[in-house]
Amino acid sequence: MYSFLRVLARVILYTINGKPKFKNKDRIPKGNYVLVAPHRTWFDPLYYALAASPKEFAFMAKKELFKNPILRYILVHANVLSVDRENPGPSVIKEPVRILQKSDKSLIIFPSGTRHSQSLKGGATLISKLSKTPLLPVTYQGPLTFKSLFSRKKSTINFGKPIYIDKKLKLNEDGQSKIEMQMQDAFDRLDDEIDPNFKYVDPAKKEK
């Protein structure tokens, strides 16, 4: 079902917004990895999955999305993992690590957690270290709302160089801060490569 949903997403997005531009795909490492990106719109995970195709991905989403039985069926068959943001248990780390180690799927995760937060958190770093897979920084620039997709403004996805976490690195406050700085620096460079004048503005805050 994942392949079918990927084709469906490609048809819908390309029809509405045109073919996106994918930059620096040669930077994608072989094997599995943890794709990390700033979360700018609800559909940017679709663009990331399409950009890195034919690689298949698992995703992480808040448990509230699984309440609807129809949506739950789709999410489960699209490799989406349920996350309880209020009370995250050990499985929020163990399940992604298992997928990275035991399957040919990579993981898409947003370190900030939500579209309305710019502060990076430690889950992606821990998953990357435990699974012994690199972090792959990526950024998206383009329409930020479904309505604005119809403007045909070009969508661009830019891949960065993988970040390999030293197995000796302790993920204490200093170690986590070091990796977060590497990720943020990578995001800034990737945005600059697409458009040096780019500045992200959260549509939800813009409307207020």
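- Linking Ile, Leu, Val, Met, Phe, Trp and Tyr whenever their side-chain heavy atoms come within less than 4.5 Å leaves Ile194 and Tyr200 in two separate clusters.
- Ring-plane geometry between Phe57 and Phe59 is classed as tilted, the angle between the planes lying from 30 to 60 degrees on a 0 to 90 degree scale.
- Under a hydrophobic clustering in which Ile, Leu, Val, Met, Phe, Trp and Tyr are joined whenever their side-chain heavy atoms come within less than 4.5 Å, directly or via other members, Phe159 and Phe110 fall into the same cluster.
- Side chain of Ser128 to main chain of Ala124: no donor-acceptor pair is present (N/O by atom type, distance under 3.5 Å, no hydrogens or angles).
- A salt bridge does not link Lys178 to Asp166: none of the charged side-chain nitrogens sits closer than 4.0 Å to a carboxylate oxygen.
- Ser106 places a side-chain N or O within 3.5 Å of a backbone atom of Tyr33 that can act as its donor or acceptor partner.
- Annotation for Val92 and Ile127: closest pair O-CD1, 4.1 Å, computed over non-hydrogen atoms.
- Sequence neighbours left out, the pairs with a member in residues 56-82 that pass side chain to side chain donor-acceptor pair (under 3.5 Å) are Lys63-Asp84.
- Using a 4.5 Å heavy-atom cutoff, the side chains of Leu135 and Ile165 are in contact.
- Linking Ile, Leu, Val, Met, Phe, Trp and Tyr whenever their side-chain heavy atoms come within less than 4.5 Å leaves Leu190 and Ile163 in two separate clusters.
- Summarising the geometry of Leu100 relative to Ser131, their closest heavy-atom pair is CD1-OG, 3.4 Å, with the distance given to 0.1 Å.
- The local environment of NZ in Lys154 is crowded, with over 12 non-hydrogen atoms from other residues, nucleotides or ligands closer than 6.0 Å.
- Side-chain contact between His39 and Asp44 is present, with at least one heavy-atom pair separated by less than 4.5 Å.
- What you find for Ile157 and Ala51 is that their closest heavy atoms are CG2-CB, 4.0 Å.
- Proximity of Met183 to Pro137: side-chain heavy atoms (C-beta onward) are nowhere separated by under 4.5 Å.
- Side-chain N or O atoms of Lys167 include none that pairs as donor or acceptor with a backbone N or O of Leu130 at under 3.5 Å.
- At a cut-off of 3.5 Å, with distance as the only test, no side-chain donor of Ser151 or Ser148 sits close to an acceptor on the other residue.
- The shortest distance between side-chain heavy atoms of Pro38 and Thr139 falls below 4.5 Å.
- Taking the six-membered ring for Trp and thresholds of 30 and 60 degrees, Tyr48 and Tyr140 have ring planes more than 60 degrees apart, a perpendicular arrangement.
- Considering only heavy atoms from C-beta on, Pro29 comes within 4.5 Å of Tyr164 through its side chain.
- Between Ile93 and Gly123 the shortest heavy-atom distance is CD1-O, 4.2 Å.
- The closest donor-acceptor contact from the side chain of Lys55 to the backbone of Ile28 lies at 3.5 Å or more, if one exists at all.
- Using modelled atom types, one finds no donor on one side chain facing an acceptor on the other under 3.5 Å when comparing Gln176 with Asn172.
- In this structure the side chain of Met60 reaches within 4.5 angstrom of the side chain of Leu107, judged on heavy atoms.
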Report task. Please report the C-alpha distance between Leu75 and Phe66 in whole Å, then the side-chain angles of each, then the deciding distance to 0.1 Å, and finally whether the side chain to side chain contact (heavy atoms under 4.5 Å, CB included) criterion is met. Result -> CA-CA 8 Å; Leu75 293 175; Phe66 289 75; 3.9 Å; yes
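- Counting heavy atoms from C-beta outward, Pro96 and Leu81 have side chains that approach closer than 4.5 Å.
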Query raised in the report: Going through the checks in order, is the side chain to side chain contact (heavy atoms under 4.5 Å, CB included) test met by Leu126 and Leu171?
Result: CA-CA 8 Å; Leu126 181 57; Leu171 293 185; 4.0 Å; yes
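- A 4.5 Å side-chain heavy-atom check between Val138 and Val36 finds every atom pair outside the cut-off.
- Separation of atoms CZ (Arg189) and CD (Gln184) is listed at 10.5 Å; rounding is to 0.5 Å.
- Considering every non-hydrogen atom in both Ile108 and Pro45, the closest pair reads CD1-O, 4.0 Å.
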Under 3.5 Å, side-chain donor or acceptor atoms of residues 9-24 against the rest of the protein: list the pairs with distances, not counting sequence neighbours.
{"from": "Thr15", "atom 1": "OG1", "to": "Val11", "atom 2": "O", "distance (Å)": "2.5"}
{"from": "Asn17", "atom 1": "OD1", "to": "Ser155", "atom 2": "OG", "distance (Å)": "2.9"}
{"from": "Asn17", "atom 1": "ND2", "to": "Leu149", "atom 2": "O", "distance (Å)": "2.9"}
{"from": "Asn17", "atom 1": "ND2", "to": "Lys153", "atom 2": "O", "distance (Å)": "3.0"}
{"from": "Asn24", "atom 1": "ND2", "to": "Asn158", "atom 2": "OD1", "distance (Å)": "2.7"}
{"from": "Asn24", "atom 1": "ND2", "to": "Glu193", "atom 2": "OE1", "distance (Å)": "3.4"}

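- Residues meeting the salt bridge (Lys or Arg N to Asp or Glu O under 4.0 Å) test with Arg98, sequence neighbours left out: Glu95.
- Under the 4.5 Å side-chain contact rule for hydrophobic residues, Val7 and Ile74 do not share a cluster.
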